[in-house]
Amino acid sequence: MCTPKNAPKLASLRANPAVALTVDTESHPPRILLIRGTVELDVVDGIPDEFLEVNGTYKLARRREEARQQ
């Protein structure tokens, strides 16, 4: 999971790192996956490739990031 460095949820995750994630289908009957665990935060410079890849405008976002680094 990726989020901006100034996201309000980061303060909450630092205070209480217990998390749960639910993934389900839109079809009936639903198929559900529930994941529970503890979050580990890693701060990185720039925008992680994984974040760019899952967003529809990967090429545009990559160009913006390259322009920012110049």
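The figures that follow rest on heavy atoms only: side chains count, while hydrogens, waters and symmetry mates do not.
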Report yes if some heavy atom in the side chain of [X] is under 4.5 Å from a heavy atom in the side chain of [Y]; otherwise report no.
{"X": "T22", "Y": "L33", "answer": "no"}
{"X": "P30", "Y": "H28", "answer": "yes"}
{"X": "V23", "Y": "I32", "answer": "no"}
{"X": "V19", "Y": "L13", "answer": "yes"}
{"X": "V44", "Y": "K5", "answer": "no"}

Straight-line distance of L21 CG to L34 CG, nearest 0.5 Å: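 It comes to 8.0 Å.
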D24 atom CG, over 12 foreign heavy atoms within 6.0 Å: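 Check passes, neighbour count above 12.
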